[in-house]
2 protein chains.
Amino acid sequence: MATPKYQRIAAALRNAIRAGTYGPGDRLPGENDLMAQHEVARMTARQALGVLTAEGLAESRKGAGVFVRAHPEPILRRATARLARQVWGSGESVWSADFDGRMMTVDRFSVSEAPAPPDVAGLLSLAPGDPACVRRRRYLVGGVPVMSAVSYLPAALVAGSPITNEDTGPGGTYARLADLGHAPVHARETVRADTATPDARDLGLGAVVVLIRRVAITATDRVVEVTDMVLDAGAYVLEYEVPM
Amino acid sequence: MATPKYQRIAAALRNAIRAGTYGPGDRLPGENDLMAQHEVARMTARQALGVLTAEGLAESRKGAGVFVRAHPEPILRRATARLARQVWGSGESVWSADFDGRMMTVDRFSVSEAPAPPDVAGLLSLAPGDPACVRRRRYLVGGVPVMSAVSYLPAALVAGSPITNEDTGPGGTYARLADLGHAPVHARETVRADTATPDARDLGLGAVVVLIRRVAITATDRVVEVTDMVLDAGAYVLEYEVPM
DNA sequence: AAGTGGTCTAGACCACCAC
DNA sequence: TGGTGGTCTAGACCACTTT
C-alpha cells in the first residue's frame, strides 16, 4: 500500500471535482457511498472527505451531505493611494471601495469607550489608563460574514465628534478626523494569514483568515487610528500599489 | 455531553500551551497518555491532537510524539516605496530586504525559456507562442523553506542580458531591466491566502500559504515582469505603505 | 526492544435534515 | 422516517524514532 487508501480516495474525488464531474454546490458521494464503492470502513471514508474539507474544496452539512464548495467571486480590496483619498475625500466610506457589485451590509456594530490592548495603546501613544474609542463591526456580503474589524482611536481626540456615533457621516471616520485637524496622510498595513482560531470561527468566518492591522498616520506622524481586521481568506483578494 | 470529548481535551491542551505548561518544542501528552488520562478511545485522543495540529499549534512527528510548534520570529517583508528603489538601486537584491538577521539561502534555482501561462502571457502582452524567460527559485531560512517564486519576463526583452543567468549581478533583475531601458517604476501586488495544496506541501511549505502576484510596470506602463510567490504564511508578515 | 503516531476495521448511538 | 454526517468505542498492524 504505497499511498494510504484515504488519500487515494481523496485524490479521486479531487480530480473529479477539477474535471467538473462535481460542480460547485453539487453533493459528493457520502460516507456510505464511499464505503460501498471502495470497500472501506466508515472512518476511512470519513478521513478521505476530511482531506477535501480541510483543503477548502468541500464542506459538510450535518444530516445533508458533503458538497463542493461554491467559491463566490472574491472581493477585491484595493488599498491604493488615489482610491483611498478620493473615496473618503468625496463622501463615501473607505470600505465601500472594497467591494464591486454585491450587497455589503454591516452587522454587530458597537462603539464604546474602553482601554486599548497594550500594543495598540503603544501605537496610539496612550498613557496607561487613557481610554480609547473602540468601534467594532462585522461586514457581510450576501448574508455571509466576510470580515470583522475593530478600530481604536484616542478617546480624548474624538470625544464629542460623530466618530463616537454609529453613523460617522459622509466620508466616515477619516473625513471626521480631517475635520478635527488630524487628517491621516498615510497608513501602514501589516498582513498575516493564519488558520482561524475557535474564537474567529464563532464569528462565522472560514478556516483560513487574513489578519490586517491598519495604522493611520497624520502629516505630523501622529497615529490617530489603529484597525485590526479579520478577513475570510477565501472571500478576499488584496491589492497594493508599490511605487519604486 | 454538551461539547464533544475531543474538543474538551483539545481545549485543555490548548490552554495548557497558552499557560506555558508546554513550551515551544515540548512534547505533548501522546495518544496513549490521553487515552489513560481521559478514559477515552484511541481515535478520540487522536481527534483531539488533530485539532491542535490543524490549528498549527502543534505538529506530530512519526514515531516520536506530538510537539508544541516553535514559531520562529516571522520575516518582515516590507513592500515599501523607498525601500525597494533604494535597495535595488544600490546593488542589493530586492529580496534581501525581506529579511533581518537570519541566513536566507536560495535553493532549486532554474532559468529557462518557455511559454508563460495564459494569464501571465496576457499581462506581459506576449503574443501566443512568444516565449518567456522563466526564473524559478526557492528560499530557505535556517534550512527551512519559506517561499518559492516564479518570475516571467518577455524572452525577447531580456535575451542576452544577465537576467538569463542565475547571477543577475548587483541590484538583481530590476537593476538589469533598468540597464535595458525598462526600469520598473511601480509594482502592483495582489495577495491571497489559502490552504496549501498537496503540490505546495511537497514543496515543503506549511499548511497555510500566502500567494502574492507581483506585476512590475515601467514608466510607459509596460509590464516587464510577473512574479508569483508562494509564502509559508507562518513565516511571514507583509508590510505595505498606503499613502492617502 | 519499546513506544510513537499513521492507518484501518467493524461495529455503535446521536442530532440533524430532507422528503 | 430514512439517510446523513458527527462522535465514539475497542480492537489491530505497520513504519518509524528513540533508547
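Treat the numbers as computed from the prediction; the structure is a model and nothing was measured. A, B, ... follow the sequence lines: proteins, then strands. Residue 1 opens every chain.
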Partners of [X] by side-chain contact (heavy atoms from CB on, under 4.5 Å), sequence neighbours excluded?
X: A45(B); answer: L34(B), M35(B), V40(B)
X: E166(B); answer: F109(B)
X: Y6(B); answer: P4(B), T44(B), Q47(B), A48(B), V51(B)
X: A16(A); answer: T21(A), Y22(A)

Could you give the [atom1]-to-[atom2] distance, from [X] to [N], as a whole number of Å?
X: M35(A); N: dG5(D); atom1: CE; atom2: P; answer: 11 Å
X: R8(B); N: dT7(D); atom1: CZ; atom2: P; answer: 12 Å
X: E31(A); N: dA15(C); atom1: CD; atom2: C1'; answer: 14 Å
X: R27(A); N: dC17(C); atom1: CZ; atom2: P; answer: 15 Å
X: E59(A); N: dC17(C); atom1: CD; atom2: P; answer: 14 Å
X: L28(B); N: dT4(C); atom1: CG; atom2: P; answer: 13 Å
X: R46(B); N: dC8(C); atom1: CZ; atom2: C1'; answer: 11 Å
X: L34(B); N: dC8(D); atom1: CG; atom2: P; answer: 13 Å

(Q) Going by the rule side chain to side chain donor-acceptor pair (under 3.5 Å), which residues pair with D228(B) if we only count those two or more places apart in sequence or in a different chain? (A)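 Counting only residues at least two positions away or on another chain, D228(B) forms a side chain to side chain donor-acceptor pair (under 3.5 Å) with R213(B).
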
Under 4.0 Å: is that the gap between some side-chain N or O of [X] and OP1 or OP2 of [N]?
X: S60(B); N: dT4(C); answer: no
X: Y6(A); N: dT7(C); answer: yes
X: N32(A); N: dT4(D); answer: yes

Q) Of all the base pairs, Watson-Crick or G-U under 3.5 Å, which form stems of three or more consecutive pairs involving DNA chain C? A)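 So far as stems of 3 or more pairs are concerned, DNA chain C shows C:1-18 with D:1-18.
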
Q.
Considering only residues two or more places apart or on different chains, which pairs with a residue in residues 32-41 of chain A satisfy side chain to side chain donor-acceptor pair (under 3.5 Å)?
A. none

Q) Along nucleotides 9-19 of chain D, 5' to 3', which nucleotides get a B, which get an S, and which get a -, given that the test is a protein heavy-atom distance under 4.0 Å? A) BB-B---BB--

(Q) Apply side chain to side chain donor-acceptor pair (under 3.5 Å) to residues S151(A) and R137(A) and explain how you reach the verdict. (A) CA-CA 9 Å; S151(A) 296; R137(A) 66 275 186 197; 2.8 Å; yes

Q.
My understanding is that only residues two or more places apart in sequence, or in another chain, count here; which of them pass ring pair (Phe, Tyr, Trp, His ring centres under 6.0 Å) with Y152(A)?
A.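 Checked Y152(A) against ring pair (Phe, Tyr, Trp, His ring centres under 6.0 Å); zero matches.
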
Q) Among D107(B), L140(B), D232(B), which residue meets the side chain to side chain contact (heavy atoms under 4.5 Å, CB included) test with P145(B)? A)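 It is L140(B), the one option of D107(B), L140(B), D232(B) that forms the side chain to side chain contact (heavy atoms under 4.5 Å, CB included) with P145(B).
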
(Q) Quick check for you: among dT4(C), dT7(D), dT4(D), whose closest atom lies nearest to any side-chain atom of D33(A)? (A) dT4(D)

